[in-house]
Protein chains: 2
Amino acid sequence: MKAKKEITIYDIAKKLKYSPSTISRALNDHESISKNTTLLIKKVAKEMGYRPNSLAASLRNNKSKTIGIMISRINRPFVSSLISGIEETARKAGYNVIISQSNDKYENEVINAETLYNSRISGLIVSLSMETRKLEHLRRFMDQGIPIVFVDRVPDELDIHKVIIDNYTAGYKATQHLIEQGCSRIAHFAGAQHRNVYRERKKGYLDALKDHHLPVDNDLIVSFKSLSFGEGEKATRNLLDLPQPPDAIFSANDTAAVSAIMYAKKRGIKIPEELAVIGFNDDPIASIVEPALSTVIHPAIKMGQISAQRILQHAAEEDENNSPEVTVLPTELLIRDSSKKKA
Amino acid sequence: MKAKKEITIYDIAKKLKYSPSTISRALNDHESISKNTTLLIKKVAKEMGYRPNSLAASLRNNKSKTIGIMISRINRPFVSSLISGIEETARKAGYNVIISQSNDKYENEVINAETLYNSRISGLIVSLSMETRKLEHLRRFMDQGIPIVFVDRVPDELDIHKVIIDNYTAGYKATQHLIEQGCSRIAHFAGAQHRNVYRERKKGYLDALKDHHLPVDNDLIVSFKSLSFGEGEKATRNLLDLPQPPDAIFSANDTAAVSAIMYAKKRGIKIPEELAVIGFNDDPIASIVEPALSTVIHPAIKMGQISAQRILQHAAEEDENNSPEVTVLPTELLIRDSSKKKA
DNA sequence: TTGTAGGCGTTATCAT
DNA sequence: ATGATAACGCCTACAA
């Protein structure tokens with residue numbers, strides 16, 4: 001079974017007695033070709049079963065209509081929603097999307113960066129791995145003028161494109177909400193502090209305590225490695241075993257928050273009366289656990305869409321007005337039963 | 001800021017006084033080049049900062065080292081795990097992965113197929129959209145000898161590559177388990193019957209009833225459009241309002257199963273005593289709902305890995321021994337509290 | 001408005 | 001073991 005020969009612009013040219021360049025231009029809606037000719041050529045191309053070879057075009061332009069994505073792991077609710085938004089937007093604009101997972105290892109991120117670079121992507125969307133602390137592996141893209149948009153887990157550098165949420169305010173509001181419920185010993189499940197998202201959430205927590213004249217008790221601030229379910233259970237046990245246990249927890253993600261609820265319930269602790277809990281992300285599990293978990297809503301799909309738009313817009317611009325833009329999306333406090341003490 | 005010029009094999013050739021062909025061969029570990037020369041060339045290439053242009057290679061070979069994926073939606077636990085497995089395996093082999101979402105629309109699937117085809121992917125992994133009933137949009141790939149592997153939601157055709165689970169047996173065992181718990185009026189939440197996965201699960205359910213001499217009551221078989229949470233609640237309400245309500249539910253997915261548990265609890269129904277429930281997939285929500293949901297475990301990541309391997313292996317083979325392989329992976333019944341009536 | 005010609009970077013074929 | 005050359009399909013100065 002031999003593969004059938006592909007139709008090229010040369011075949012169309014021959015048939016129509018035009019030159020290949022005319023065909024090429026018509027197919028790309030070049031203005032210098034008359035409306036009629038363009039229409040005719042497109043019609044015949046379709047009839048002949050012509051398929052543009054994007055590889056050839058990419059080689060010629062040294063740019064493939066492709067957006068690369070670097071993320072930690074696909075199979076997490078937030079990340080897969082993010083990708084969904086990117087894919088949707090990119091595809092509408094005729095771009096492909098290549099994904100690469102770092103599994104939160106810096107080493108993998110470096111390798112993936114190289115592969116994507118060699119694929120001549122026209123833009124890169126990055127959410128940093130947990131380990132990543134330097135950006136040298138991304139320098140190449142910047143040097144070549146390939147736009148990079150960082151999203152969610154971003155570096156601290158100022159002169160780069162970012163699409164983020166206001167983690168600080170979200171952390172502040174979540175904590176404030178707990179205070180308003182009458183809680184005064186509020187624990188915090190904190191993620192790795194070199195990652196902006198977790199650092200900012202903690203900052204918001206600390207400032208909320210201060211602004212409301214509550215003491216900061218370091219025993220109540222638990223440093224997590226990965227905010228996993230197991231870690232959450234252990235942390236909750238330690239907290240509940242304290243001479244003065246907390247009356248609330250603000251967790252930097254939902255997984256750990258849910259584990260806290262489930263563990264505390266097992267110990268006979270009443271949620272939210274004895275322990276109010278609030279999480280972050282609104283993962284599906286948040287609305288299933290009982291009592292339902294209050295949390296911070298993350299506009300994941302929208303973040304993806306905006307990131308992709310940013311890339312597309314740069315790809316379109318010939319000129320180089322590369323003023324880095326930072327988009328900060330609003331979050332929303334979603335109060336469910338796990339934190340409602342009164343009423 | 002001008003983009004720096006890229007190093008090509010010509011640059012290396014000039015520097016080393018070899019011909020470009022020798023450089024190319026050395027870089028690809030061609031056997032006809034001596035060990036020493038190969039080593040030298042690779043060393044210098046690295047020093048000069050050479051990056052292979054995979055676009056050019058792809059054009060030349062009319063094949064890009066890329067695997068295309070067509071799925072319904074990325075942001076679902078099963079699908080994102082599947083992709084994760086594919087990506088991991090493909091990347092190790094030096095392949096990129098392009099994703100495209102159909103959002104369960106046939107129309108989108110057709111467009112995506114065309115785009116992927118034009119990208120000269122070397123293989124395609126497909127999980128069909130809910131709507132898809134014909135495969136014409138995939139014919140092109142077959143005609144060109146581009147391997148397609150169908151996964152999970154597959155067509156009924158026999159002469160194609162498939163990676164699936166044994167939905168029939170899973171459905172049978174799930175139902176049988178409920179019967180063993182003493183249930184006799186077992187309802188079924190059924191998905192669209194033109195999709196193999198749901199049809200087979202239902203078949204297993206029906207046969208289990210028959211084999212255990214239980215009557216099939218059509219009032220207890222609910223046809224779902226999308227097995228969503230809302231649909232699940234409604235179906236459960238209708239079932240519980242029946243003159244003779246069911247004493248168990250086997251749901252074709254976890255979302256609907258969880259919704260049934262939560263709704264029934266609200267009505268004061270005891271789970272599992274009055275209503276045993278079992279789902280399908282082991283989504284994260286399954287272990288969070290209370291009582292924890294019994295379910296069928298789906299080896300999603302593994303299915304992805306195997307699918308990718310199948311593509312890679314075909315890409316490697318020069319010859320055309322295209323005997324279609326069907327891989328059926330085992331599932332496992334995971335019994336949690338939602339279905340344990342005794343002990 | 002359309003045509004000509006050269007090149008994007010690589011690899012395969014044929015020669016040496 | 002290595003080299004010369006043509007081709008992959010497209011795009012874009014430049015020319016007409």
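Note that the structure is predicted; figures quoted are calculated from it, not measured. Order of the sequence lines sets the chain letters (A, B, ...), proteins ahead of strands, with each chain counted from 1.
- With sequence neighbours excluded, no residue forms a salt bridge (charged side-chain N to carboxylate O under 4.0 Å, His left out) with B:R195.
- For B:T37, the side-chain hydrogen bond (donor to acceptor under 3.5 Å, both in side chains) partners at least two apart in sequence or on another chain are B:S34.
- Closest of all the heavy-atom pairs between A:L128 and A:P155 is CD1-N, 3.7 Å.
- By the ring pair (Phe, Tyr, Trp, His ring centres under 6.0 Å) test, A:Y50 pairs with no residue at all, sequence neighbours left out.
- Residues that satisfy the side-chain hydrogen bond (donor to acceptor under 3.5 Å, both in side chains) test with B:S24, not counting sequence neighbours, are absent from this structure.
- Residue B:K63 is out of contact with every strand shown, counting any heavy-atom pair closer than 4.0 Å.
- Partners of B:L59 according to the side-chain contact (heavy atoms from CB on, under 4.5 Å) rule, which considers only residues two or more places apart in sequence or in another chain, are A:N53, A:A56, A:L59.
- Nucleotide C:dT4 holds its P atom 14 Å from the NZ atom of A:K17, rounded to whole Å.
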Close N/O contacts between protein and nucleotides 7-9 of chain C (under 3.5 Å):
unit_1, atom_1, unit_2, atom_2, d
C:dG7, N2, A:R60, NH1, 3.2
C:dG9, N2, B:A56, O, 3.4

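- Partners of A:T89 according to the side-chain contact (heavy atoms from CB on, under 4.5 Å) rule, which considers only residues two or more places apart in sequence or in another chain, are A:Q305, A:A308, A:Q309, A:L312.
- Residues from residues 18-28 of chain A placing a heavy atom under 4.0 Å of any atom in DNA chain C, listed by number, are A:Y18, A:S19, A:S21, A:T22, A:R25.
- Among residues two or more places apart in sequence or in another chain, the ring pair (Phe, Tyr, Trp, His ring centres under 6.0 Å) test is passed with B:Y106 by B:H137.
- Near DNA chain D, meaning a heavy atom under 4.0 Å from it, residues 29-45 of chain B has B:E31, B:S32, B:I33, B:S34, B:T37 in order of number.
- Applying the side-chain hydrogen bond (donor to acceptor under 3.5 Å, both in side chains) criterion to B:N61, with sequence neighbours excluded, gives no partner residue.
- Remark: A:S64 pairs with A:T66 by the side-chain hydrogen bond (donor to acceptor under 3.5 Å, both in side chains) rule, at least two apart or across chains.
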